[in-house]
Visitor: 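Below: one structure in C-alpha coordinates.
Hydrogens, waters and symmetry mates play no part in the numbers below; they use all other heavy atoms, side chains included.
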Amino acid sequence: MTLQQIFVFAALGLLAGRLYSRISRPRLLFAASALAVFWLQPAALVRGFDFWLPAASLSLAALVWALTLPAGASMSRENKLAAAALALGGLLLAATRYLNTPLLTASRPPQVELVAALVAVLAGLAWLAARSLRGRAAVLGAASIAILAVLIALKAEPLARGLSAWLRSLGGQDPALATALDINWLGFSYIAFRLVHTLRDRAAGRLPQLGLRDFVTYIVFFPALTAGPIERVERFVPQLHERFLLGAAELQAAGQRLVTGLFMKFVLADALAYFALNPTLGAQTHSTVWMWVLLIAYAWRIFFDFAGYTHIAIGLGLLFGVRLPENFARPYSQPNLTAFWNSWHITLAQWFRAYFFNPLTRFLRTHNWPVWAVILVGQVSTMALIGLWHGVTLNFLIWGLWHGVGLFLHSQFAAARKGRPAPARWQHALSVAGTFLYVALGWVWFVLPQPAQALHVLRVLFGSG
(Lines give C-alpha, C1' and ligand atoms only; values in the text may rest on other atoms or scores of the structure.)
Protein backbone atom coordinates (compact mmCIF):
# COMPACT_ATOMS: atom_id res chain seq x y z
CA MET A 1 0.00 0.00 0.00
CA THR A 2 1.13 3.52 -0.76
CA LEU A 3 0.92 6.38 1.72
CA GLN A 4 -1.97 7.83 -0.27
CA GLN A 5 -3.91 4.57 -0.09
CA ILE A 6 -3.26 4.23 3.65
CA PHE A 7 -4.51 7.77 4.31
CA VAL A 8 -7.61 7.21 2.16
CA PHE A 9 -8.44 4.00 4.05
CA ALA A 10 -7.88 5.74 7.39
CA ALA A 11 -10.16 8.60 6.34
CA LEU A 12 -12.79 6.10 5.21
CA GLY A 13 -12.54 4.41 8.62
CA LEU A 14 -13.05 7.72 10.43
CA LEU A 15 -16.02 8.59 8.22
CA ALA A 16 -17.56 5.14 8.54
CA GLY A 17 -17.24 5.32 12.31
CA ARG A 18 -19.72 8.21 12.25
CA LEU A 19 -22.20 6.30 10.10
CA TYR A 20 -22.45 2.86 11.70
CA SER A 21 -25.73 3.74 13.33
CA ARG A 22 -27.20 4.21 9.85
CA ILE A 23 -25.30 1.76 7.66
CA SER A 24 -24.46 -1.94 7.89
CA ARG A 25 -20.80 -2.47 8.78
CA PRO A 26 -20.61 -5.95 7.12
CA ARG A 27 -22.02 -4.51 3.88
CA LEU A 28 -19.67 -1.54 4.01
CA LEU A 29 -16.60 -3.75 4.51
CA PHE A 30 -17.76 -6.10 1.73
CA ALA A 31 -18.14 -3.24 -0.75
CA ALA A 32 -14.93 -1.52 0.34
CA SER A 33 -12.89 -4.73 0.16
CA ALA A 34 -14.27 -5.73 -3.26
CA LEU A 35 -13.46 -2.30 -4.69
CA ALA A 36 -10.09 -1.99 -2.93
CA VAL A 37 -8.89 -5.16 -4.66
CA PHE A 38 -9.01 -3.26 -7.95
CA TRP A 39 -7.62 -0.02 -6.56
CA LEU A 40 -4.66 -1.66 -4.81
CA GLN A 41 -3.70 -3.76 -7.83
CA PRO A 42 -0.66 -2.11 -9.51
CA ALA A 43 -0.44 -1.66 -13.26
CA ALA A 44 0.14 -4.91 -15.14
CA LEU A 45 2.32 -5.22 -18.24
CA VAL A 46 -0.04 -7.85 -19.69
CA ARG A 47 -2.92 -5.93 -21.27
CA GLY A 48 -6.03 -5.69 -19.12
CA PHE A 49 -4.59 -7.68 -16.23
CA ASP A 50 -4.87 -4.91 -13.67
CA PHE A 51 -8.61 -5.62 -14.11
CA TRP A 52 -8.55 -9.38 -14.63
CA LEU A 53 -6.32 -10.24 -11.66
CA PRO A 54 -8.53 -8.53 -9.02
CA ALA A 55 -11.58 -9.96 -10.78
CA ALA A 56 -9.99 -13.40 -10.53
CA SER A 57 -9.43 -12.92 -6.77
CA LEU A 58 -13.13 -12.19 -6.26
CA SER A 59 -14.18 -15.00 -8.62
CA LEU A 60 -12.01 -17.53 -6.79
CA ALA A 61 -13.48 -16.43 -3.49
CA ALA A 62 -17.02 -16.91 -4.81
CA LEU A 63 -16.25 -20.33 -6.34
CA VAL A 64 -14.52 -21.62 -3.22
CA TRP A 65 -17.44 -20.36 -1.12
CA ALA A 66 -19.81 -22.38 -3.33
CA LEU A 67 -17.63 -25.48 -2.94
CA THR A 68 -17.53 -25.14 0.84
CA LEU A 69 -21.29 -24.76 1.33
CA PRO A 70 -22.55 -27.30 3.87
CA ALA A 71 -25.06 -29.97 2.89
CA GLY A 72 -28.61 -28.65 2.89
CA ALA A 73 -27.61 -24.98 2.67
CA SER A 74 -29.77 -22.96 0.33
CA MET A 75 -29.07 -19.79 -1.61
CA SER A 76 -30.48 -17.21 0.77
CA ARG A 77 -31.62 -13.75 -0.26
CA GLU A 78 -28.49 -12.26 1.34
CA ASN A 79 -26.26 -14.54 -0.71
CA LYS A 80 -28.12 -13.72 -3.92
CA LEU A 81 -27.72 -10.01 -3.20
CA ALA A 82 -23.98 -10.46 -2.58
CA ALA A 83 -23.56 -12.42 -5.82
CA ALA A 84 -25.53 -9.79 -7.74
CA ALA A 85 -23.43 -7.02 -6.18
CA LEU A 86 -20.19 -8.72 -7.28
CA ALA A 87 -21.47 -9.20 -10.85
CA LEU A 88 -22.94 -5.71 -11.15
CA GLY A 89 -19.83 -4.15 -9.61
CA GLY A 90 -17.61 -5.89 -12.16
CA LEU A 91 -19.78 -4.70 -15.04
CA LEU A 92 -19.93 -1.12 -13.77
CA LEU A 93 -16.18 -1.09 -13.31
CA ALA A 94 -15.73 -2.36 -16.86
CA ALA A 95 -18.02 0.42 -18.06
CA THR A 96 -15.54 3.00 -16.75
CA ARG A 97 -13.45 2.18 -19.83
CA TYR A 98 -15.54 4.81 -21.59
CA LEU A 99 -14.36 7.55 -19.19
CA ASN A 100 -11.32 9.62 -19.96
CA THR A 101 -9.57 8.34 -16.81
CA PRO A 102 -10.22 4.90 -15.22
CA LEU A 103 -11.77 5.20 -11.76
CA LEU A 104 -10.17 2.31 -9.87
CA THR A 105 -7.98 0.37 -12.28
CA ALA A 106 -4.49 1.37 -13.33
CA SER A 107 -5.36 1.13 -17.02
CA ARG A 108 -8.47 1.02 -19.20
CA PRO A 109 -10.72 -1.95 -18.27
CA PRO A 110 -11.62 -4.58 -20.93
CA GLN A 111 -14.81 -4.55 -23.01
CA VAL A 112 -18.09 -4.75 -21.08
CA GLU A 113 -19.38 -7.54 -23.35
CA LEU A 114 -16.35 -9.69 -22.54
CA VAL A 115 -16.77 -9.08 -18.81
CA ALA A 116 -20.48 -9.90 -19.07
CA ALA A 117 -19.71 -13.19 -20.85
CA LEU A 118 -17.22 -14.19 -18.15
CA VAL A 119 -19.66 -13.22 -15.39
CA ALA A 120 -22.20 -15.58 -16.99
CA VAL A 121 -19.60 -18.39 -17.14
CA LEU A 122 -18.61 -17.85 -13.51
CA ALA A 123 -22.25 -17.81 -12.43
CA GLY A 124 -22.71 -21.18 -14.14
CA LEU A 125 -19.60 -22.61 -12.49
CA ALA A 126 -20.68 -21.35 -9.06
CA TRP A 127 -24.16 -22.86 -9.58
CA LEU A 128 -22.57 -26.18 -10.58
CA ALA A 129 -20.20 -26.05 -7.60
CA ALA A 130 -23.03 -25.30 -5.17
CA ARG A 131 -25.44 -27.86 -6.63
CA SER A 132 -23.29 -30.87 -7.47
CA LEU A 133 -19.69 -30.49 -6.31
CA ARG A 134 -19.83 -28.92 -2.86
CA GLY A 135 -18.39 -30.79 0.07
CA ARG A 136 -16.88 -33.64 -1.99
CA ALA A 137 -13.48 -34.49 -0.55
CA ALA A 138 -11.94 -35.11 -3.96
CA VAL A 139 -13.23 -31.79 -5.31
CA LEU A 140 -12.05 -29.86 -2.23
CA GLY A 141 -8.63 -31.50 -2.52
CA ALA A 142 -8.42 -30.80 -6.25
CA ALA A 143 -9.36 -27.16 -5.67
CA SER A 144 -6.60 -26.80 -3.05
CA ILE A 145 -4.05 -28.33 -5.43
CA ALA A 146 -5.20 -26.06 -8.28
CA ILE A 147 -4.82 -22.94 -6.11
CA LEU A 148 -1.37 -24.00 -4.95
CA ALA A 149 -0.41 -24.79 -8.56
CA VAL A 150 -1.27 -21.23 -9.57
CA LEU A 151 0.81 -19.97 -6.63
CA ILE A 152 3.78 -22.08 -7.76
CA ALA A 153 3.39 -20.87 -11.35
CA LEU A 154 3.55 -17.27 -10.14
CA LYS A 155 6.50 -17.89 -7.82
CA ALA A 156 8.65 -19.95 -10.24
CA GLU A 157 10.47 -17.62 -12.63
CA PRO A 158 10.44 -19.86 -15.77
CA LEU A 159 6.76 -20.74 -15.30
CA ALA A 160 5.77 -17.12 -14.66
CA ARG A 161 7.65 -15.95 -17.75
CA GLY A 162 6.10 -18.68 -19.89
CA LEU A 163 2.63 -17.87 -18.59
CA SER A 164 3.20 -14.20 -19.31
CA ALA A 165 4.34 -14.98 -22.87
CA TRP A 166 1.19 -17.05 -23.49
CA LEU A 167 -1.08 -14.34 -22.10
CA ARG A 168 0.71 -11.67 -24.10
CA SER A 169 0.21 -13.64 -27.31
CA LEU A 170 -3.52 -14.01 -26.51
CA GLY A 171 -3.81 -10.24 -26.16
CA GLY A 172 -1.83 -9.44 -29.31
CA GLN A 173 1.30 -8.34 -27.43
CA ASP A 174 4.84 -9.43 -28.24
CA PRO A 175 5.56 -12.63 -26.21
CA ALA A 176 9.30 -12.05 -26.60
CA LEU A 177 9.02 -9.17 -24.13
CA ALA A 178 7.57 -11.38 -21.39
CA THR A 179 9.19 -11.36 -17.95
CA ALA A 180 8.46 -13.19 -14.71
CA LEU A 181 7.34 -9.91 -13.14
CA ASP A 182 4.58 -9.22 -15.66
CA ILE A 183 1.88 -11.02 -13.66
CA ASN A 184 1.99 -9.17 -10.36
CA TRP A 185 -1.14 -10.64 -8.76
CA LEU A 186 -1.50 -8.46 -5.69
CA GLY A 187 -2.03 -10.37 -2.46
CA PHE A 188 -2.44 -13.77 -4.11
CA SER A 189 0.03 -15.43 -1.71
CA TYR A 190 -2.25 -14.53 1.20
CA ILE A 191 -5.47 -15.11 -0.74
CA ALA A 192 -4.29 -18.61 -1.67
CA PHE A 193 -3.54 -19.52 1.95
CA ARG A 194 -6.93 -18.26 3.12
CA LEU A 195 -8.71 -20.22 0.38
CA VAL A 196 -6.78 -23.42 1.13
CA HIS A 197 -7.47 -22.94 4.85
CA THR A 198 -11.23 -22.86 4.21
CA LEU A 199 -11.12 -25.81 1.79
CA ARG A 200 -9.12 -27.95 4.20
CA ASP A 201 -11.31 -27.01 7.16
CA ARG A 202 -14.43 -27.80 5.12
CA ALA A 203 -12.99 -31.21 4.27
CA ALA A 204 -12.27 -31.79 7.97
CA GLY A 205 -15.76 -30.65 8.97
CA ARG A 206 -14.47 -27.67 10.97
CA LEU A 207 -15.61 -24.81 8.75
CA PRO A 208 -18.63 -22.87 10.09
CA GLN A 209 -21.45 -21.94 7.72
CA LEU A 210 -20.65 -18.62 6.09
CA GLY A 211 -22.52 -16.25 3.83
CA LEU A 212 -21.02 -15.19 0.50
CA ARG A 213 -20.68 -11.58 1.61
CA ASP A 214 -18.70 -12.40 4.76
CA PHE A 215 -16.61 -15.04 2.98
CA VAL A 216 -15.51 -12.63 0.24
CA THR A 217 -14.76 -9.93 2.83
CA TYR A 218 -12.58 -12.40 4.72
CA ILE A 219 -10.62 -13.44 1.62
CA VAL A 220 -9.89 -9.91 0.33
CA PHE A 221 -10.17 -7.75 3.48
CA PHE A 222 -8.27 -4.71 2.26
CA PRO A 223 -6.09 -3.87 5.34
CA ALA A 224 -4.58 -7.38 5.21
CA LEU A 225 -4.60 -7.90 1.44
CA THR A 226 -1.09 -6.83 0.53
CA ALA A 227 1.05 -8.10 3.42
CA GLY A 228 -1.13 -10.20 5.71
CA PRO A 229 -1.47 -11.29 8.41
CA ILE A 230 -3.23 -14.58 7.58
CA GLU A 231 -6.34 -14.48 9.75
CA ARG A 232 -8.51 -17.54 10.46
CA VAL A 233 -12.04 -17.29 9.14
CA GLU A 234 -13.74 -18.48 12.35
CA ARG A 235 -12.03 -15.65 14.22
CA PHE A 236 -12.55 -13.00 11.53
CA VAL A 237 -16.21 -13.33 10.53
CA PRO A 238 -17.81 -13.06 14.01
CA GLN A 239 -16.09 -9.69 14.42
CA LEU A 240 -18.02 -8.35 11.44
CA HIS A 241 -21.30 -8.81 13.32
CA GLU A 242 -20.26 -7.55 16.74
CA ARG A 243 -21.59 -4.19 17.81
CA PHE A 244 -18.88 -1.61 17.13
CA LEU A 245 -18.62 2.09 17.88
CA LEU A 246 -15.54 4.06 16.95
CA GLY A 247 -14.91 5.74 20.29
CA ALA A 248 -11.91 7.47 21.83
CA ALA A 249 -10.29 4.22 22.99
CA GLU A 250 -10.59 2.64 19.55
CA LEU A 251 -9.26 5.78 17.88
CA GLN A 252 -6.27 5.91 20.21
CA ALA A 253 -5.42 2.23 19.69
CA ALA A 254 -5.76 2.49 15.91
CA GLY A 255 -3.79 5.73 15.79
CA GLN A 256 -0.92 4.30 17.79
CA ARG A 257 -0.67 1.28 15.50
CA LEU A 258 -0.85 3.42 12.36
CA VAL A 259 1.78 5.91 13.53
CA THR A 260 4.07 3.08 14.65
CA GLY A 261 3.63 1.27 11.35
CA LEU A 262 4.15 4.35 9.21
CA PHE A 263 7.31 5.24 11.14
CA MET A 264 8.68 1.69 10.85
CA LYS A 265 7.93 1.30 7.15
CA PHE A 266 8.34 4.75 5.64
CA VAL A 267 11.06 6.15 7.91
CA LEU A 268 13.18 3.35 9.37
CA ALA A 269 12.87 0.67 6.67
CA ASP A 270 13.12 3.13 3.78
CA ALA A 271 16.13 4.88 5.38
CA LEU A 272 17.93 1.58 6.01
CA ALA A 273 17.29 0.58 2.39
CA TYR A 274 20.00 3.03 1.31
CA PHE A 275 22.77 0.97 2.88
CA ALA A 276 21.19 -2.43 3.53
CA LEU A 277 22.60 -5.47 1.77
CA ASN A 278 21.41 -5.92 -1.81
CA PRO A 279 22.93 -7.57 -4.92
CA THR A 280 24.74 -4.41 -6.04
CA LEU A 281 26.23 -3.46 -2.66
CA GLY A 282 27.06 -7.10 -1.97
CA ALA A 283 29.12 -7.35 -5.16
CA GLN A 284 30.87 -4.01 -4.64
CA THR A 285 31.81 -4.44 -0.96
CA HIS A 286 35.08 -6.20 -0.06
CA SER A 287 35.49 -4.98 3.51
CA THR A 288 34.47 -7.43 6.24
CA VAL A 289 33.40 -4.66 8.59
CA TRP A 290 31.26 -2.91 6.00
CA MET A 291 29.72 -6.18 4.85
CA TRP A 292 28.58 -6.83 8.42
CA VAL A 293 27.15 -3.29 8.52
CA LEU A 294 25.22 -4.00 5.32
CA LEU A 295 23.93 -7.33 6.63
CA ILE A 296 22.78 -5.98 9.99
CA ALA A 297 21.14 -3.03 8.24
CA TYR A 298 19.26 -5.49 6.02
CA ALA A 299 18.17 -7.59 9.03
CA TRP A 300 16.58 -4.53 10.61
CA ARG A 301 15.26 -3.18 7.34
CA ILE A 302 13.27 -6.33 6.56
CA PHE A 303 11.94 -6.42 10.12
CA PHE A 304 10.78 -2.78 10.04
CA ASP A 305 9.29 -3.33 6.58
CA PHE A 306 7.26 -6.42 7.50
CA ALA A 307 6.38 -5.35 11.04
CA GLY A 308 5.52 -1.83 9.85
CA TYR A 309 2.97 -3.13 7.35
CA THR A 310 1.52 -5.37 10.05
CA HIS A 311 1.05 -2.40 12.39
CA ILE A 312 -0.63 -0.49 9.54
CA ALA A 313 -2.93 -3.42 8.75
CA ILE A 314 -3.87 -3.85 12.41
CA GLY A 315 -4.42 -0.10 12.81
CA LEU A 316 -6.70 0.09 9.76
CA GLY A 317 -8.53 -3.02 10.92
CA LEU A 318 -9.17 -1.42 14.31
CA LEU A 319 -10.74 1.62 12.62
CA PHE A 320 -13.26 -0.76 11.03
CA GLY A 321 -13.84 -2.85 14.16
CA VAL A 322 -11.73 -5.86 13.14
CA ARG A 323 -8.80 -6.90 15.33
CA LEU A 324 -6.29 -8.70 13.11
CA PRO A 325 -3.77 -11.09 14.72
CA GLU A 326 -0.27 -10.02 15.67
CA ASN A 327 2.42 -11.14 13.23
CA PHE A 328 5.68 -9.96 14.83
CA ALA A 329 6.50 -10.00 18.56
CA ARG A 330 10.06 -8.77 19.16
CA PRO A 331 11.64 -11.60 17.14
CA TYR A 332 15.21 -10.32 17.48
CA SER A 333 14.92 -10.48 21.30
CA GLN A 334 14.36 -14.22 21.33
CA PRO A 335 16.96 -16.57 22.88
CA ASN A 336 16.63 -19.40 20.35
CA LEU A 337 15.42 -20.16 16.84
CA THR A 338 12.21 -21.85 17.96
CA ALA A 339 11.22 -18.73 19.91
CA PHE A 340 12.21 -16.62 16.90
CA TRP A 341 9.77 -18.52 14.64
CA ASN A 342 7.07 -18.13 17.27
CA SER A 343 7.62 -14.36 16.95
CA TRP A 344 8.41 -13.84 13.25
CA HIS A 345 5.62 -13.90 10.66
CA ILE A 346 3.57 -15.69 13.28
CA THR A 347 0.47 -16.37 11.20
CA LEU A 348 2.47 -17.82 8.30
CA ALA A 349 4.30 -20.21 10.65
CA GLN A 350 0.98 -21.16 12.25
CA TRP A 351 -0.56 -21.88 8.84
CA PHE A 352 2.27 -24.22 7.85
CA ARG A 353 2.19 -25.85 11.30
CA ALA A 354 -1.55 -26.54 11.01
CA TYR A 355 -1.73 -27.65 7.39
CA PHE A 356 1.66 -29.24 6.71
CA PHE A 357 3.87 -29.90 9.76
CA ASN A 358 1.22 -31.46 12.02
CA PRO A 359 -0.34 -33.74 9.35
CA LEU A 360 3.11 -34.83 8.14
CA THR A 361 4.47 -35.65 11.60
CA ARG A 362 1.25 -37.50 12.51
CA PHE A 363 1.66 -39.60 9.35
CA LEU A 364 5.33 -40.35 10.11
CA ARG A 365 4.54 -41.36 13.70
CA THR A 366 1.93 -43.86 12.51
CA HIS A 367 4.68 -45.47 10.41
CA ASN A 368 6.90 -45.91 13.48
CA TRP A 369 9.60 -43.42 12.52
CA PRO A 370 12.03 -42.53 15.36
CA VAL A 371 11.09 -39.31 17.12
CA TRP A 372 14.27 -37.51 16.07
CA ALA A 373 13.68 -38.44 12.42
CA VAL A 374 10.07 -37.23 12.57
CA ILE A 375 11.26 -33.87 13.96
CA LEU A 376 14.07 -33.59 11.41
CA VAL A 377 11.90 -34.34 8.38
CA GLY A 378 9.01 -32.24 9.68
CA GLN A 379 11.02 -29.13 10.50
CA VAL A 380 13.35 -29.20 7.50
CA SER A 381 10.57 -29.82 4.96
CA THR A 382 8.29 -27.22 6.55
CA MET A 383 10.97 -24.54 6.48
CA ALA A 384 11.95 -25.50 2.94
CA LEU A 385 8.34 -24.86 1.86
CA ILE A 386 8.24 -21.55 3.74
CA GLY A 387 11.40 -20.59 1.87
CA LEU A 388 9.91 -21.58 -1.49
CA TRP A 389 6.71 -19.66 -0.66
CA HIS A 390 8.80 -16.49 -1.04
CA GLY A 391 9.88 -17.63 -4.52
CA VAL A 392 10.84 -20.88 -6.20
CA THR A 393 14.60 -20.30 -6.31
CA LEU A 394 17.63 -22.17 -4.99
CA ASN A 395 18.51 -19.32 -2.62
CA PHE A 396 15.06 -19.27 -0.99
CA LEU A 397 15.28 -23.06 -0.65
CA ILE A 398 18.69 -22.78 1.07
CA TRP A 399 17.31 -20.06 3.36
CA GLY A 400 14.48 -22.40 4.37
CA LEU A 401 16.84 -25.34 4.88
CA TRP A 402 19.14 -23.11 6.97
CA HIS A 403 16.27 -22.44 9.36
CA GLY A 404 14.97 -26.02 9.25
CA VAL A 405 18.34 -27.43 10.28
CA GLY A 406 18.68 -24.73 12.94
CA LEU A 407 15.28 -25.58 14.39
CA PHE A 408 16.14 -29.29 14.48
CA LEU A 409 19.46 -28.66 16.24
CA HIS A 410 17.78 -26.42 18.78
CA SER A 411 15.05 -29.02 19.46
CA GLN A 412 17.71 -31.65 20.17
CA PHE A 413 19.67 -29.22 22.36
CA ALA A 414 16.52 -28.27 24.28
CA ALA A 415 15.65 -31.96 24.79
CA ALA A 416 19.14 -32.63 26.16
CA ARG A 417 18.85 -29.68 28.58
CA LYS A 418 15.37 -30.59 29.77
CA GLY A 419 15.09 -30.41 33.56
CA ARG A 420 18.22 -28.31 34.02
CA PRO A 421 18.11 -24.88 35.72
CA ALA A 422 17.24 -21.82 33.65
CA PRO A 423 20.29 -20.12 32.13
CA ALA A 424 21.87 -17.15 33.87
CA ARG A 425 21.26 -13.63 32.59
CA TRP A 426 24.54 -13.47 30.72
CA GLN A 427 23.82 -16.84 29.12
CA HIS A 428 20.41 -15.56 28.02
CA ALA A 429 22.06 -12.47 26.50
CA LEU A 430 24.54 -14.66 24.63
CA SER A 431 21.67 -16.82 23.35
CA VAL A 432 19.82 -13.74 22.04
CA ALA A 433 22.98 -12.52 20.29
CA GLY A 434 23.68 -15.98 18.84
CA THR A 435 20.13 -16.35 17.56
CA PHE A 436 20.27 -12.93 15.91
CA LEU A 437 23.60 -13.83 14.28
CA TYR A 438 22.20 -17.11 12.93
CA VAL A 439 19.09 -15.38 11.54
CA ALA A 440 21.15 -12.55 10.04
CA LEU A 441 23.45 -14.98 8.21
CA GLY A 442 20.33 -16.65 6.81
CA TRP A 443 19.24 -13.31 5.30
CA VAL A 444 22.26 -13.51 2.98
CA TRP A 445 20.49 -16.31 1.09
CA PHE A 446 17.16 -14.50 1.28
CA VAL A 447 18.17 -11.14 -0.13
CA LEU A 448 20.53 -12.31 -2.90
CA PRO A 449 19.07 -14.08 -5.93
CA GLN A 450 22.06 -16.29 -6.88
CA PRO A 451 24.09 -18.78 -4.78
CA ALA A 452 27.37 -17.38 -6.16
CA GLN A 453 26.45 -13.91 -4.88
CA ALA A 454 25.56 -15.30 -1.45
CA LEU A 455 28.80 -17.27 -1.22
CA HIS A 456 30.80 -14.16 -2.11
CA VAL A 457 29.10 -12.19 0.67
CA LEU A 458 29.66 -15.00 3.19
CA ARG A 459 33.36 -15.17 2.26
CA VAL A 460 33.73 -11.43 2.81
CA LEU A 461 31.82 -11.61 6.10
CA PHE A 462 34.33 -14.14 7.40
CA GLY A 463 37.39 -12.36 6.04
CA SER A 464 38.23 -14.48 3.01
CA GLY A 465 36.57 -12.47 0.25
Side-chain angles (χ1 to χ4, degrees), residues 1-18 29 32-33 36 39-40 186-187 189-190 220-232 235-236 239 242 244-276 296-335 339-351 390 432 435-436 439-440 443 446-447:
M1 279 188 281
T2 64
L3 273 173
Q4 179 198 13
Q5 290 166 334
I6 293 167
F7 288 138
V8 169
F9 288 144
L12 177 62
L14 293 174
L15 177 63
R18 301 283 183 184
L29 292 180
S33 296
W39 189 44
L40 291 172
L186 183 77
S189 296
Y190 295 99
V220 296
F221 185 53
F222 59 92
L225 181 63
T226 57
I230 306 170
E231 174 67 293
R232 293 188 67 85
R235 185 181 177 278
F236 178 88
Q239 296 186 69
E242 293 173 356
F244 174 70
L245 291 175
L246 187 60
E250 291 77 14
L251 272 175
Q252 182 180 359
Q256 287 176 344
R257 300 305 290 259
L258 281 170
V259 170
T260 302
L262 290 170
F263 183 72
M264 280 185 167
K265 169 65 187 88
F266 294 101
V267 178
L268 296 178
D270 286 0
L272 285 169
Y274 286 107
F275 55 94
I296 291 171
Y298 179 79
W300 285 102
R301 181 209 168 188
I302 192 171
F303 166 71
F304 287 131
D305 197 307
F306 285 3
Y309 268 128
T310 297
H311 279 292
I312 291 167
I314 291 175
L316 290 176
L318 289 173
L319 283 178
F320 292 94
V322 175
R323 180 171 287 279
L324 295 168
E326 300 292 340
N327 223 14
F328 295 86
R330 303 175 66 186
Y332 288 154
S333 301
Q334 304 306 321
F340 171 82
W341 276 105
N342 287 330
S343 320
W344 180 274
H345 222 318
I346 298 168
T347 57
L348 177 69
Q350 289 174 339
W351 191 97
H390 293 87
V432 171
T435 303
F436 176 77
V439 172
W443 291 133
F446 189 91
V447 64

Visitor: Decide if the gap between the ring center of Tyr190 and the ring center of Trp351 is smaller than 6.0 angstrom.
Guide: no
Visitor: Show the nearest heavy-atom pair for residues Ser33 and Phe221, with the distance to one decimal.
Guide: OG-CA, 3.6 Å
Visitor: Between His345 and Asn327, is any pair of side-chain heavy atoms under 4.5 Å apart?
Guide: yes
Visitor: CG/Leu186 to CH2/Trp39 distance, rounded to the nearest 0.5 angstrom?
Guide: 12.5 Å
Visitor: Taking Pro331's backbone N and O only, do any of them form a donor-acceptor pair with Ser343's side chain (distance below 3.5 Å, no angle check)?
Guide: no
Visitor: Got a list of side-chain donor-acceptor pairs under 3.5 Å for residues 269-276, not counting sequence neighbours?
Guide:
from	atom 1	to	atom 2	distance (Å)
Asp270	OD1	Lys265	NZ	2.9

Visitor: Looking only at non-hydrogen atoms, find the nearest pair between Asn342 and Ile346 and report the distance.
Guide: O-CG1, 3.5 Å
Visitor: Contact between Leu262 and Leu3 at the side-chain level, heavy atoms closer than 4.5 Å - yes or no?
Guide: yes
Visitor: Between Tyr309 and Met1, is there a donor-acceptor pair closer than 3.5 Å when you use the side chain of the first and the backbone of the second?
Guide: yes
Visitor: Where is the tightest heavy-atom contact between Phe446 and Ile302, given as atom of each residue plus distance?
Guide: CE2-CD1, 3.6 Å
Visitor: Please report the shortest heavy-atom distance between Leu246 and Gly13, naming the atom on each side.
Guide: CD2-O, 3.6 Å
Visitor: Could you work out, with salt bridge (charged side-chain N to carboxylate O under 4.0 Å, His left out) as the rule, every residue matching Arg257, not counting sequence neighbours?
Guide: Glu326
Visitor: Can you measure from CH2 (Trp443) to CH2 (Trp300) and round to the nearest 0.5 angstrom?
Guide: 12.0 Å
Visitor: Checking Gln334 side chain against Thr435 main chain: does a donor-acceptor pair fall under 3.5 Å?
Guide: no
Visitor: Please work out whether the ring planes of Phe306 and Phe328 are parallel, tilted or perpendicular, with thresholds of 30° and 60°.
Guide: tilted
Visitor: Short question: side chain of Tyr332, backbone of Phe303 - any donor-acceptor pair under 3.5 Å?
Guide: no
Visitor: What distance separates Gln5 CD from Phe222 CZ, expressed to the nearest 0.5 Å?
Guide: 11.5 Å
Visitor: Ignoring hydrogens, what is the shortest heavy-atom contact between Pro223 and Ala313? Give both atom names and the distance.
Guide: O-CB, 3.2 Å
Visitor: Going by heavy atoms in the side chains, are Thr347 and Leu324 under 4.5 Å from each other?
Guide: no
Visitor: Taking salt bridge (charged side-chain N to carboxylate O under 4.0 Å, His left out) as the definition, give me every residue that meets it alongside Arg235, ordered by chain and number, with sequence neighbours left out.
Guide: Glu231
Visitor: Looking at CZ of Phe266 and OG1 of Thr2, how far apart are the two atoms once the value is rounded to the nearest 0.5 Å?
Guide: 7.0 Å
Visitor: Donor-acceptor pair, Gln256 side chain versus Ala253 backbone, under 3.5 Å?
Guide: no
Visitor: Could you state the interatomic distance from CG (Leu258) to CG (Leu318), rounded to the nearest 0.5 Å?
Guide: 8.0 Å
Visitor: So do the side chains of Phe9 and Ile312 get within less than 4.5 Å of each other, counting heavy atoms only?
Guide: no
Visitor: Can you find a pair of side-chain heavy atoms, one from Leu251 and one from Leu14, that are under 4.5 Å apart?
Guide: yes
Visitor: Quick one: closest heavy-atom pair of Gly315 and Ala254, and the distance?
Guide: O-CB, 3.5 Å
